[in-house]
Chemist: 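Have a look at this one before I ask anything.
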Number of protein chains: 2
Amino acid sequence: MRVLIAEDDDRLARAVAAGLLRRGMTVDVALDGGSALAQLAATAYDVVVLDRDLPGVPGDDICRHLVATRSPSRILMLTAARSVRDRVEGLGLGADDYLPKPFDFTELVARIQALARRPGAPVRDELGYADLVLDPGRRTATRAGRKLALNPKEFAVLAYLLRADGRPVSAEELLEHVWDSAADPFTTTVKTTVGRLRAKLGDPPVLHTVRDSGYRIGAE
Amino acid sequence: MRVLIAEDDDRLARAVAAGLLRRGMTVDVALDGGSALAQLAATAYDVVVLDRDLPGVPGDDICRHLVATRSPSRILMLTAARSVRDRVEGLGLGADDYLPKPFDFTELVARIQALARRPGAPVRDELGYADLVLDPGRRTATRAGRKLALNPKEFAVLAYLLRADGRPVSAEELLEHVWDSAADPFTTTVKTTVGRLRAKLGDPPVLHTVRDSGYRIGAE
DNA sequence: CGGAAGGTGACAGCCAGGTGACAGCTGGCA
DNA sequence: TGCCAGCTGTCACCTGGCTGTCACCTTCCG
């Protein structure tokens, strides 16, 4: 699957690209409207992630262009403003989905995957490991059928770890993806949050520490 | 995906049909209420775009009919009048979405797609959770057999939350669907209305807040 | 045994969300 | 037309809990 990220915030674009690459997608990045159009002309993308505030040619215009040319690409709009008006306008322009900044990176990745799956079978994505089940759509988490009262940050961390599917995830990676990308690199909040999450997950332990590489969901 | 457009303005109907065909949908048009009913009886549509001011059988009646027969079709109501009351009534009748004329064509297309994509809890003529029962057709709400005196806005909000079936619904989403889409994005009316609704719903609480995500009907 | 990585509990600031008072609007009615 | 009542939005203020920091402890490993 081929994805174009049209986003002028270089760090953000690269972080998203990294996440998608890890999920096996092919990713290109365009830092301004002009190059986005050029890349769209040259290559057939499955999904286009489109910042509304794009320098050069604004995202709205690119969206209109894609719709007008009956491009088969699905469009996911990003916007800084969170107003209702923006949302309506975004969808009105023909975008397939819409995400206001700031967003949870894992959420973005999930939405891109949902878009990539052709419409039809409604997507009910559920994450889980053993008796632990997470439903991102409903914001619910259960263990052995028992509901877990997770705070938003704890929930986001757990979702990210589950999506990592057993791979150890470093504190830095969590900081970048679950927290604001401008987070203080010396913060200790990750270990605190993981600690609280662990306590709520209960026994037997499913969230393990891999020394020097990070945290991991899985067996022993 | 199969869509029925029940709209007596011939030009408008054809323009919409053309746009939907271009997005790969199968489209039929009914120019009056009678033929709309006939086509609905003959064919299973995913989405019905329903003009309220339909000659023959009015759109409201068709909507009621679809809800009463537990049709799986999703209903998008169109209406010339733009009043809030209209909007609330439309949703109260059991429509899934509502669009006042004049509308932006691309917005209509986007909404139809959104409806089609929506995972399919079938439309019911009665909404409810636990001892709470809502009858959109008769605009009545009861809890544990006791009638609740809900204002129109409160009723519409509750109906929308019940249709979301446990999924958290953001204030933004409520604003867009229950209020006028041109609503002030910084308004605090949602939390006020939800507060009043909560007070009327009584104990035990069924309307919960999910921090950073919205409101949700359900257990704890 | 010493240092670094990781865990834990206490604490405080802040902000999302809740609440009550009030006022404007609207629709019904005489 | 003027009055009244109920619905709905705004505003100011409150509060509870989420989250980050910090100090200190434990564990691991060379």
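Not measured: the values here are computed from a predicted model. Chain A is the first sequence line, chain B the second, and so forth, proteins listed ahead of strands; every chain is numbered from 1.
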Chemist: In whole Å, I'd like the distance from the CH2 atom of A:Trp179 to the P atom of D:dT19.
Modeler: 9 Å

Chemist: Figure out the NE2/P separation between B:His208 and C:dG18, and round it to whole Å.
Modeler: 12 Å

Chemist: C:dC14 P sits how many Å from A:Asn151 CG, rounded?
Modeler: 19 Å

Chemist: Distance check needed: C:dG6 P versus A:Arg211 CZ, whole Å only.
Modeler: 6 Å

Chemist: Describe the nucleic acid contact of B:Arg198 in one word from base, sugar-phosphate, nothing, applying a heavy-atom distance below 4.0 Å.
Modeler: sugar-phosphate

Chemist: Rounded to whole angstroms, how far apart are CG on A:Leu197 and P on C:dT8?
Modeler: 12 Å

Chemist: With sugar-phosphate meaning primed atoms plus P, OP1 and OP2, does A:Tyr215 contact a base, only sugar-phosphate, or nothing at under 4.0 Å between heavy atoms?
Modeler: sugar-phosphate

Chemist: Rounded to whole Å, please give me the gap between NZ in B:Lys200 and P in D:dC7.
Modeler: 6 Å

Chemist: Write down the distance between NZ (B:Lys191) and P (C:dA21), rounded to a whole number of angstrom.
Modeler: 17 Å

Chemist: Quick one: does B:Arg143's side chain get under 4.5 Å of B:Val206's, heavy atoms only?
Modeler: yes

Chemist: Is a side-chain donor or acceptor of A:Tyr129 paired with a backbone partner of A:Leu207 at a separation under 3.5 angstrom?
Modeler: no

Chemist: Take the protein atom CZ of B:Arg196 and the nucleotide atom P of C:dC22, then report the distance between them rounded to whole Å.
Modeler: 14 Å

Chemist: Is B:Tyr215 close to B:Lys191 at the side-chain level, that is, under 4.5 Å between some pair of heavy atoms?
Modeler: yes

Chemist: Would you name the heavy atoms of B:Leu4 and B:Tyr45 that are closest together and state the gap between them?
Modeler: N-CD2, 3.5 Å

Chemist: How about A:Leu127 and A:Arg163: do any of their side-chain heavy atoms sit closer than 4.5 Å?
Modeler: yes

Chemist: Give A:Thr188 one of three labels, base, sugar-phosphate or nothing, depending on what nucleic acid heavy atoms sit under 4.0 Å from its own.
Modeler: base

Chemist: Where the side chain of B:Thr189 is defined as all heavy atoms beyond and including C-beta, which of D:dC18, D:dT8, D:dG9 is the nearest nucleotide?
Modeler: D:dG9

Chemist: 5'-most contact on DNA chain D: A:Thr193 or B:Thr192, nearest heavy atom basis?
Modeler: B:Thr192

Chemist: Nearest-nucleotide wise, let me know which of B:Leu150 and B:Asp212 is further upstream toward the 5' end of DNA chain D.
Modeler: B:Leu150

